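Position 1 is the first residue of the sequence; numbering continues from there. It should be emphasised that the depicted structure is a prediction, and the values quoted were computed from it without experimental measurement.
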Amino acid sequence: MATIYHHLEKERNDVAVKLKDSFYVDNVVASVQNEIELQRFQTIACQVMSKAGFELTGWVSSTEQQNQEKTKCSVLGLLWEPNTDLLTCDLRNISTEIKDTCSKRQLLSISQKIFDPIGFTAPITLIPKLLMQKAWKNYKLTWDQKLSPEIIEEFKNWLASSEFLKLVQIPRYFGGLVDESTTTLHMFSDASGKDFAACVFLRIECDNKVKIKLVQAKSRVAPLKKDPITKTKNEMSIPKLELLAAVIGTRLVQSVKTSLNIHSIQTFYWTDSKVVLCWIENSGTWKTFVRNRIKEIHSSSSKEDWYYVPSQKNAADIASRGCNAQTLFSLCWWEGPIWLKNRSSWPDTKDSDFKDALELATEERKPTVTTNLSLNDSDSNFFEWTKRVSKFSSIV
């Protein structure tokens, strides 16, 4: 009896932990292996919550919908089809028609209605971000003033193509996850002149087959650096943007590892910036901007896990440049790069020449100051002064 009680108590604790990790505001989103585990999780979860006066209702699972009419339900801002177990963006409240008097307020309001916490639409949602920055950078407009015809036309074209987002569907379940001995994590980072991005893929080997699945992605508009003399805002250098992309990439990896509980999984970090690799691999006293970001990268990743990938093979290239929904649908970038499936097709970083990149990297090295001091017999009190005064000019 004691053994049975211990087993039931352990089972209840496991469900309680899973329940705690699966709560998002007032929704529970969790995955189980089979229908038996589903019934057990549902029963114990209801018992645990009822003790605190909370009632869990409205259960929906993919198994219950197999023989029913195909329906969609909302899950954390996305649309989920239980029958096919696929996720897609919710575009029901987005109008594809805008007036010729479109303002910054309308541009921001419409573009932010595309909610995508995963980031599989990151290349698409990047476009209105760039238009918004363009409006702020080039025009002194209020929130409700009319935008330039150029920006309005670009926004109209982007909005018209957003209909193709309805065709973009990604699987909710990875399938066969997660055996850390046969599964690897791959992060790609990239930057262009105006933005930077990172994406994380799972490479799953199962039954002599290899599957590549997008787990998470993020794209950001490049910050504008203010010139201290002219007071104008200039674009940041490409190497620094590549470094920012690498930083958000390491953050995404940590987020994925925590969410999927795969902390010891083998991880590959890919970047097409040789300058960034030089900063990561070579120890040195870098200037503040580079030093702080390299410190964060080293705190969450090992420099041996960073690899060079040519730009044409970089999976994050499309996310850093942006595209319309029609192009994204045809590329199917959420299925990962094809070359990643075959280990023999992976880039060989040993043949890469880092000489020019090392010269660019050293430009961010913090200058060192050397002071030569010569003392004579009359300056015997010098070292006593250094104990009391910290400023060299004051001692002199």
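Proximity of a side-chain donor or acceptor of T88 to a complementary backbone N or O of V168 within less than 3.5 Å is detected. Counting only distance, with no hydrogens or angles, the side chain of D190 and the backbone of A197 share no donor-acceptor pair below 3.5 Å. With S103 contributing its side chain and T101 its backbone, the two residues share no donor-acceptor pair below 3.5 Å. A donor-acceptor contact shorter than 3.5 Å is absent between the side chain of K218 and the backbone of L252. Under a 3.5 Å cut-off, the side chain of K257 and the backbone N or O of L185 do not form any donor-acceptor pair. No side-chain donor-acceptor contact under 3.5 Å links S301 to the backbone of H298. Put simply, the side chain of K18 gets close to the backbone of S31: a donor and an acceptor are under 3.5 Å apart. A donor-acceptor distance shorter than 3.5 angstrom exists from the side chain of Q133 to the backbone of A222, with no hydrogens or angles considered. Side-chain atoms of S109 do not come within 3.5 Å of backbone N or O of Q106 as any donor-acceptor pair. Side chain of R220 to main chain of F196: no donor-acceptor pair is present (N/O by atom type, distance under 3.5 Å, no hydrogens or angles).
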Any chance you could lay out the side chain to side chain donor-acceptor pair (under 3.5 Å) test for W306 and T271, step after step, and finish with the verdict? CA-CA 8 Å; W306 285 84; T271 177; over 6 Å; no
Chi angles and distances behind the side chain to side chain donor-acceptor pair (under 3.5 Å) call for E150, S148: CA-CA 5 Å; E150 179 188 357; S148 69; 5.0 Å; no
Let me see the working for C46 and W59 under side-chain contact (heavy atoms from CB on, under 4.5 Å), right down to the final yes or no. CA-CA 11 Å; C46 288; W59 291 88; 3.8 Å; yes
Would you check, one step at a time, whether the test side-chain contact (heavy atoms from CB on, under 4.5 Å) holds for S111 with M132? CA-CA 10 Å; S111 61; M132 196 70 183; over 6 Å; no
Evaluation steps, side chain to side chain donor-acceptor pair (under 3.5 Å), between T327 and N324: CA-CA 6 Å; T327 303; N324 58 36; 2.8 Å; yes
Test side-chain contact (heavy atoms from CB on, under 4.5 Å) on V32 and R40; report intermediate values, then the result. CA-CA 10 Å; V32 292; R40 184 185 300 118; over 6 Å; no
List the steps and the verdict of side-chain contact (heavy atoms from CB on, under 4.5 Å) for V60 and W80. CA-CA 10 Å; V60 179; W80 175 46; 3.8 Å; yes
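None of I118, I212, T121, I170 except one satisfies the side chain to side chain contact (heavy atoms under 4.5 Å, CB included) rule with W334; the exception is I170.
The heavy-atom pair separating S219 from A319 by the smallest distance is CB-O, 3.6 Å. Scanning all heavy atoms of the two residues, the minimum distance from F120 to C89 falls at CZ-SG, 3.8 Å. Pairing each heavy atom of L243 with each of V276, the nearest pair is N-CG2, 3.6 Å. Of all non-hydrogen atoms in C278 and W286, the two that sit nearest each other are O-CZ2, 4.4 Å. When all heavy atoms are compared, the tightest approach of I297 to A246 is CD1-CB, 4.0 Å. In this structure, A30 and S22 approach most closely via the heavy-atom pair CB-OG, 3.4 Å.
Residues I127 and F115 do not share a hydrophobic cluster, defined by chaining ILVMFWY side chains whose heavy atoms lie under 4.5 Å apart. Cluster membership check: L19 does not share its hydrophobic cluster with V17, using side-chain heavy-atom separations under 4.5 Å among Ile, Leu, Val, Met, Phe, Trp and Tyr. The hydrophobic cluster containing I114 also contains I318, counting ILVMFWY residues as joined when their side-chain heavy atoms lie under 4.5 angstrom apart, directly or transitively. Note on I248 and Y269: same hydrophobic cluster, where clusters join Ile, Leu, Val, Met, Phe, Trp and Tyr whose side-chain heavy atoms are under 4.5 Å apart, directly or indirectly. When hydrophobic clusters are built by joining Ile, Leu, Val, Met, Phe, Trp and Tyr residues whose side-chain heavy atoms come closer than 4.5 Å, directly or via intermediates, L130 is not grouped with I238.
Residues I44 and D14 fail the side-chain proximity criterion, which asks for heavy atoms closer than 4.5 Å. A 4.5 Å side-chain heavy-atom check between I265 and L202 finds at least one atom pair inside the cut-off. For the pair K146 and I152, the minimum side-chain heavy-atom distance is below 4.5 Å. The shortest distance between side-chain heavy atoms of L107 and L131 falls below 4.5 Å. Between L244 and K240, the closest side-chain pair of non-hydrogen atoms is not below 4.5 Å. L241 has its side chain within reach of P223: a pair of non-hydrogen atoms, C-beta onward, lies under 4.5 Å apart. Annotation: side chain of P171 is in contact with side chain of L86 (closest heavy-atom distance under 4.5 Å). Side-chain contact between L328 and W333 is present, with heavy atoms from C-beta onward closer than 4.5 Å.
A cation-pi geometry, defined here as NZ or CZ lying under 6.0 Å from the six-membered ring centre and within 45° of its normal, does not hold between R203 and F201.
Taken to the nearest 0.5 Å, the CD atom of Q169 stands 10.0 Å off from the CG atom of L79. Atom CG in L126 sits 10.5 Å away from atom NZ in K194 (nearest 0.5 Å). Atom CG of L78 sits about 6.0 Å away from atom CG of D116, to the nearest 0.5 Å. One distance of note links CG of N314 with OG of S189; it measures 6.5 Å at 0.5 Å rounding. Distance check: K104 NZ to Q145 CD gives 8.0 Å after rounding to the nearest 0.5 Å.
Residue pairs meeting the side-chain hydrogen bond (donor to acceptor under 3.5 Å, both in side chains) criterion with at least one member in residues 45-58, sequence neighbours excluded, are R12-Q47.
Scanning for side chain to side chain contact (heavy atoms under 4.5 Å, CB included) contacts around S300 gives T250, Q254, with sequence neighbours left out. Partners of R172 according to the salt bridge (charged side-chain N to carboxylate O under 4.0 Å, His left out) rule, which considers only residues two or more places apart in sequence or in another chain, are D85. Qualifying salt bridge (charged side-chain N to carboxylate O under 4.0 Å, His left out) partners for E153, counting only residues two or more places apart in sequence or in other chains: none. Take E163 and apply the salt bridge (charged side-chain N to carboxylate O under 4.0 Å, His left out) test, not counting sequence neighbours, and it matches K166. For S394, the side chain to side chain contact (heavy atoms under 4.5 Å, CB included) criterion is met by V389, K391, not counting sequence neighbours.
The environment of N93 atom CG is sparse: at most 12 non-hydrogen atoms of other residues, nucleotides or ligands sit within 6.0 angstrom.
A donor-acceptor contact under 3.5 angstrom links the side chains of S311 and D272, judged on distance only.
If you look at Y307 and W346, their ring centroids are not closer than 6.0 Å.
Below 30°, between 30° and 60°, or above 60°: for H186 and F268 the angle between ring planes is below 30°, a parallel geometry.
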